[in-house]
Amino acid sequence: MKSYKEYLWFEVTKRQEFINITPKVREVVKKSGVKEGLCLVNAMHITASVFINDDESGLHSDLEKWLEKLAPHEPVSQYAHNKAEDNAAAHMKREIMGREVVVAISDGELDFGPWEQIFYGEFDGRRKKKALVKVIGE
Ligand code: ZN
């Protein structure tokens, strides 16, 4: 069995942003040489997420509004976690959007359903962060 990994780095200037990382993940799969297998992508931070959905700006704006309703950033003082920091809402948003995704690799390609794309979701940006891409298979 082959195994290959790479880290993808992000310097997100805003607190919150969704980045389509599908082309970068595709490149890693190509480099791995794996034709049949699995590709795991996970955020390496507890205030960031990796998820799969449509690359449609209306949907992304809807997701941001929905997350803000579920875990509003302000007032910062509403969260016990914010005694030392101000990112409790970011931890919760990551919990809702998930830590990782696994995509099947068939015939050397990411085997997506219609419109599926992989996103890195940042909820506490303005510093350097990374995601892991791990490919296993034959
Ligand atoms: Zn924190």
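Counting starts at 1 for both ligands and their atoms, following the listed order. Hydrogens, waters and symmetry mates play no part in the numbers below; they use all other heavy atoms, side chains included.
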K.L.:
What does the angle at the Zn ion (ligand 1) come to, between atom OE2 of Glu85 and atom NE2 of His91, rounded to 10°?
P.N.:
160°

K.L.:
Is any side-chain heavy atom of Val102 closer than 4.5 Å to a side-chain heavy atom of Cys39?
P.N.:
no

K.L.:
Does any N, O or S atom of Asp124, backbone or side chain, fall under 2.8 Å from the Zn ion (ligand 1)?
P.N.:
no

K.L.:
Does Phe51 have its ring centroid less than 6.0 Å away from the ring centroid of Phe119?
P.N.:
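Ring-ring flag for Phe51/Phe119: true, centres closer than 6.0 Å.
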
K.L.:
Say whether, by atom type as modelled, one donor and one acceptor occur between the side chain of Ser49 and the main chain of Gly98 under 3.5 angstrom.
P.N.:
yes

K.L.:
Whether Lys128 engages the ring of Trp9 as a cation-pi pair (distance to the six-membered ring centre under 6.0 angstrom, angle to the ring normal within 45°) should be assessed.
P.N.:
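Yes.
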
K.L.:
Output yes if Asn87 passes the N/O/S-under-2.8 Å test against the Zn ion (ligand 1); output no otherwise.
P.N.:
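Yes, Asn87 qualifies, because one of its backbone or side-chain N, O or S atoms lies under 2.8 Å.
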
